Amino acid sequence: MAATPIRKSSRTGIGSLLLGTYGKDGELHYAGNVGTGFNDKTLRDLAEKLMRLKAEESPFATSKAIARKAHWVKPQLVAEVSFGEWTRGGSVRHAVFQGLRKDKKAREISREVAAHVEEETVHSKLPASLKVTNPDRLVDSASGIKKIDVVRYYALVADLMLEHTKGRPIALLRAPDGVGSEAFFQKHADVSKLRGLKEFPRELDPDHPPMLEAGTTQALLSAAQFNVIEFHTQNAFGRTYEKPNRILFDLDPGSGVEWAQIQEAAQLVHAFLEELGLPSFLKTSGGKGLHVVVPIKPYYDWDTVKAFSKQVVEHMAMTLPDRFAVKSGPKNRVGKIFIDYLRNGRGATTVAAWSARARPGLGISVPVGWDELASLRGGDHWTVATAHTRLDVGNSPWAGYAKAAVGLAPAMKAIGATG
């Protein structure tokens, strides 16, 4: 859509963009506005670009729907905007700004005609069968993200995320009143109210209600409609539940730790795992730290795998006591990084790749290559608002993950000798 005037606001840079498309009559017709999907940098950059295009009069065809208080500019920039639907008046509803496009000229932008899309192949649009209640409810005041934006985000990344959630017991973090409010962590739920979510056989964990699986797009979207922001998975598949098939090291920084120290810590863990003959894969946490994931063959039980992961952490803390802490309490890791091995216990969970985090800014956990580590700006390098910039890369940094799993016995023997 052609982006044109800047609506006034107290927010830094701009308030919102008024949008337009060209009709068959050659005139620019008002198509609503977009006020979400921006971060501070985007707002400043847009303001600079638009101020250089300042105009005295409205470029739109006459319309009563256009806000009176606006700064007009020449309609030369093209914005990519995702949205829920068109209103009868010809405006977009629930719009989210995705970025500027340079591959098209503003004069080429006309209203697109919707095409039928099968529910299972939905990406940026929601299936018609999903009813989103309270779509305009603010989820995160820091980014302006609303509930509809969260649901649409999970529709966008569903295919990528399902590679990490399918087949694994999952836990859901619900935040009905948004980021900063009371949240609820659920490992069990009434699946009759959450279409697509399935229950594992109760025999896997007989002392508790059945564990859940989010193995379809519908499951992710139903959960998001249920105010779920975070999806956490366990380290084993349901079919081989008593034998985990991965080890996870969560690099959790204490107070006073700089990002550069976290990057260095990840490299050190990577190097030590290589010495043990273990492959490792990296992902952002969506929060402050990083996750190092080791795929293993499902042979040993939970206690054995957890004990091994603890040995790794103890070795790192003993070798580099000024950088790593072996105890998790805040007082024990001031200026240090706690490598959380407790995520490897039976029933423990870790936020899944592509899951959003219920934190200001709504960072997301993203698979990355080790060669990308130096360029990361933080554990929340990507957010719900900027996820579209990573979609072309997707899960490719983990392309070899499925075939990389190794038996743990040689590493257990090696670390025993090292210790």
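Count residues from 1 along the sequence. Everything numeric in this text was worked out from a predicted model, so none of it was measured.
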Margin query: Between E258 and R323, is the salt bridge (Lys or Arg N to Asp or Glu O under 4.0 Å) condition met? List the steps.
Written below: CA-CA 11 Å; E258 300 293 333; R323 302 182 192 182; over 6 Å; no
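- Smallest separation of non-hydrogen atoms from V179 and L362: CG2-CD2, 3.9 Å.
- Considering every non-hydrogen atom in both G379 and T284, the closest pair reads O-CB, 3.3 Å.
- Each of I337, D340, L268 was compared with L251 under the side chain to side chain contact (heavy atoms under 4.5 Å, CB included) criterion, and only I337 meets it.
- The two residues P75 and A106 have their closest heavy-atom pair at O-CB, 3.2 Å.
- Side-chain contact of N235 with N245: a donor-acceptor pair under 3.5 Å is absent, judged by distance alone.
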I'd like a table of donor-acceptor pairs (distance under 3.5 Å, sequence neighbours excluded) in which one partner is a side-chain atom from residues 219-226, with atom names and distances.
| residue | atom | partner | partner atom | Å |
| --- | --- | --- | --- | --- |
| S222 | OG | R195 | O | 2.7 |
| S222 | OG | Q218 | O | 2.9 |
| Q225 | OE1 | T133 | N | 3.0 |
| Q225 | OE1 | K147 | NZ | 3.2 |
| Q225 | NE2 | T133 | OG1 | 3.0 |

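- Using a 4.0 Å cut-off between charged nitrogen and carboxylate oxygen, E48 and K54 do not count as a salt-bridge pair.
- Counted by atom type alone, R246 and T233 present one or more donor-acceptor pairs between their side chains at under 3.5 Å.
- Salt bridge absent: D303 and K306 never bring a charged side-chain N and a carboxylate O closer than 4.0 Å.
- Here the shortest heavy-atom pairing between A142 and G361 reads CB-N, 3.8 Å.
- When all heavy atoms of V292 and S280 are compared, the closest pair comes out as CG1-CB, 3.7 Å.
- Nearest heavy-atom pair, H381 versus T386, reported as atom, atom and distance to 0.1 Å: O-OG1, 4.5 Å.
- In this structure, the side chain of T319 engages the main chain of H315 through a donor-acceptor pair within 3.5 Å.
- Distance CG/L172 to CG/L194: 7.5 Å, rounded to 0.5 Å.
- Residues passing the side chain to side chain donor-acceptor pair (under 3.5 Å) test with R137 are N227, sequence neighbours excluded.
- For F308 and Y341, the gap between ring centers reaches or exceeds 6.0 Å.
- Ionic pairing of D205 and R346 is present here: one or more N-O contacts between side-chain nitrogen and carboxylate oxygen are shorter than 4.0 angstrom.
- Salt-bridge check for R174 with E230: failed, with every basic side-chain N at 4.0 Å or more from each acidic carboxylate O.
- Between the CG atom in L130 and the OG1 atom in T217 there is a gap of 11.5 Å [rounded to 0.5 Å].
- In this structure W259 satisfies the ring pair (Phe, Tyr, Trp, His ring centres under 6.0 Å) test with no other residue, sequence neighbours excluded.
- Side-chain rings of W354 and Y153 stay apart, their centers remaining 6.0 Å or farther from each other.
- Taking CG of D45 as the start and CG of L100 as the end, the distance is 9.0 Å to the nearest 0.5 Å.
- No close placement of the F281 and H291 rings is indicated, their centers lying 6.0 Å or farther apart.
- To the nearest 0.5 Å, atoms NE2 (H270) and CG (L290) are separated by 13.0 Å.
- Aromatic ring pairs are classed by plane angle as parallel below 30°, tilted from 30° to 60° and perpendicular above 60°; the pair H208 and H188 is parallel.
- Looking at Q186, its side chain never comes within 3.5 Å of a backbone N or O of L173 through a donor-acceptor pair.
- Here the side chain of K336 pairs a donor or acceptor atom with the backbone of P321 at under 3.5 angstrom.
- For H164 (side chain) and A353 (main-chain N/O), no donor-acceptor pair under 3.5 Å exists by modelled atom type.
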